[in-house]
Amino acid sequence: MASGAFRLGELFCGPGGIACGARAAHSDDNSLSITHAWASDYDADTCATYTKNICGGHSDTVYCQDVRMLDISKLASIDAFAYGFPCNSFSNVGEHKGLDNANFGQLYIYGIKVLHIHKPKWFLAENVSGLKSAGAGDHFKRILADMEAAGYSLVTHMYRFEQYGVPQTRHRIIIVGIRDDLAFQGIRFRVPSPEPYKYCDVTAGTALASIPKKAANHEIRKLQEKIRLRLSYIKPGQNVWQAENLPPELAINTSTKISQIYRKLDPSKPSYTVTAAGGGGTFMYHWSEEQRELTNRERARLQTFPDDFTFVGNYASVRKQIGMAVPPKGAEIIFRAILNTFAKIDYPSVEPSIS
């Protein structure tokens with residue numbers, strides 16, 4: 001491909017994690033880059049965040065509506081496509097119904113429609129690791145088959161983002177598709193190797209250091225005194241079940257012992273996975289003597305959003321947006337590999353983990 005920028009369309013764009021990574025990515029010779037064409041999501045705060053940070057406040061290319069109501073055929077032409085289709089029905093947390101989930105399971109189909117109608121040169125699809133086992137694996141095979149039937153050669157890999165410089169143990173399936181006619185011409189994507197990032201400091205302590213006090217989305221929520229007392233018995237890296245000498249009145253009485261309940265970060269290790277929602281004990285907790293939750297800005301740091309990336313909405317909305325996003329640093333690395341593929345530049349690679 002000649003020098004230039006791929007025009008990127010997105011469904012289920014979220015607050016802009018993928019777009020932030022795309023904007024930062026260039027081929028190693030700087031001949032190829034990615035530019036925003038259009039994006040869609042159903043949540044008003046999420047679209048406002050995307051508009052503010054990715055589109056400079058201009059919302060005419062951000063479609064805030066249910067994807068089932070979106071006229072895909074009338075969207076502007078694109079060279080590239082990305083979508084993190086809803087993971088609710090594929091996550092191992094919950095009923096894990098996969099395609100049988102009436103509300104979420106079939107939404108990936110709208111990305112397939114984009115591939116059929118707009119025929120981008122390449123696409124990137126992202127979902128949780130539970131996608132692989134949904135419906136005993138049959139649902140995952142069906143999704144891949146639909147992508148191939150749309151005319152794309154696929155490379156599917158489980159990315160462990162902590163191996164790529166992201167300070168968080170976040171494992172996600174990423175599918176990269178190259179249009180068949182281009183693949184037949186020798187354009188073959190390869191999974192970027194984590195080797196260049198093995199010396200990156202991915203500890204939570206470094207990730208959360210030196211956040212400006214006036215940074216957006218950095219408010220500290222006041223906790224109930226009982227919760228603060230409970231946290232005082234929990235050491236960095238531990239959860240409530242591991243706390244020593246915890247008084248009975250501070251204990252948690254549940255039949256399921258989820259490992260992340262009232263779990264503090266260990267500053268010497270990557271954070272555990274930043275999640276989008278959850279009740280008591282799931283808010284992620286700092287290791288300091290303050291006995292507090294993480295702020296949303298700290299969650300954003302763990303997701304590798306820059307400090308000038310401002311989220312729109314109340315506390316719960318912003319928490320959800322951050323937890324649902326793809327880490328921009330991880331997205332940037334994969335996009336750079338795609339751009340190098342088209343620029344015919346070699347780069348360190350590994351075999352895909354999913355065939």
Evaluate the criterion salt bridge (Lys or Arg N to Asp or Glu O under 4.0 Å) for residue pair Glu332 and Lys329; output intermediate values, then yes/no. CA-CA 5 Å; Glu332 178 187 352; Lys329 182 177 179 64; 6.0 Å; no
Got [X] and [Y] here, is their nearest side-chain heavy-atom distance under 4.5 Å?
X: Leu182; Y: Phe342; value: yes
X: Phe283; Y: Leu223; value: no
X: Ser59; Y: Cys64; value: no

Does a salt bridge link [X] with [Y], judged by any charged N lying under 4.0 Å from a carboxylate O?
X: Arg319; Y: Glu293; answer: no
X: Asp79; Y: Arg179; answer: no
X: Glu195; Y: Lys198; answer: yes

Just one of Val114, Ile175, Val176 clears the side-chain contact (heavy atoms from CB on, under 4.5 Å) bar with Phe123, so which one?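 Single pass found, and it is Ile175.
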Handout entry: Given Arg297, Arg299, Lys320, the one that forms side-chain contact (heavy atoms from CB on, under 4.5 Å) with Phe311
Key =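 It is Arg297; the other options fail the test.
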If only side-chain N and O atoms count, and only distance matters, is there a donor-acceptor pair under 3.5 Å linking [Y] with [X]?
X: Arg230; Y: Tyr262; answer: yes
X: Tyr108; Y: Asp146; answer: yes
X: Thr46; Y: Asp41; answer: no
X: Glu351; Y: His157; answer: no

Show which side-chain atoms of residues 8-18 pair as donor or acceptor with protein atoms under 3.5 Å away, not counting sequence neighbours.
| from | atom 1 | to | atom 2 | distance (Å) |
| --- | --- | --- | --- | --- |
| Glu10 | OE2 | Tyr50 | OH | 2.6 |

Looking at every non-hydrogen atom in both residues, tell me the closest pair between [X] and [Y] and how far apart they are.
X: Asn239; Y: Ser259; value: ND2-O, 2.8 Å
X: Ser271; Y: Leu265; value: OG-CD2, 3.6 Å
X: Asn314; Y: Asp45; value: N-OD2, 4.4 Å
X: Val274; Y: Gln168; value: N-OE1, 2.9 Å
X: Val350; Y: Pro194; value: CG1-CD, 4.0 Å

Are Ile112 and Ile173 in one and the same hydrophobic cluster, where Ile, Leu, Val, Met, Phe, Trp and Tyr link if side-chain heavy atoms are under 4.5 Å apart?
yes
In this structure, would Ile322 and Tyr42 fall into the same cluster of hydrophobic residues linked by side-chain contacts under 4.5 Å?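 No, because Ile322 and Tyr42 fall into different hydrophobic clusters, even though each may have its own neighbours under 4.5 Å.
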Item to check | Residue that, paired with Trp122, satisfies ring pair (Phe, Tyr, Trp, His ring centres under 6.0 Å) out of Phe189, Phe6, Phe81 | outcome: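 Looking at Phe189, Phe6, Phe81, the match for Trp122 under the ring pair (Phe, Tyr, Trp, His ring centres under 6.0 Å) is Phe6.
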Tell me whether the count of non-hydrogen atoms from other residues, nucleotides or ligands lying under 6.0 Å of CD in Glu289 goes above 12.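 Open.
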Mind running salt bridge (Lys or Arg N to Asp or Glu O under 4.0 Å) on Arg301 and Asp307 for me, showing each step along the way? CA-CA 7 Å; Arg301 275 276 187 102; Asp307 285 346; 2.8 Å; yes
Inter-residue atom distance Arg172.CZ - Ile334.CD1, 0.5 Å rounding |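 It comes to 12.0 Å.
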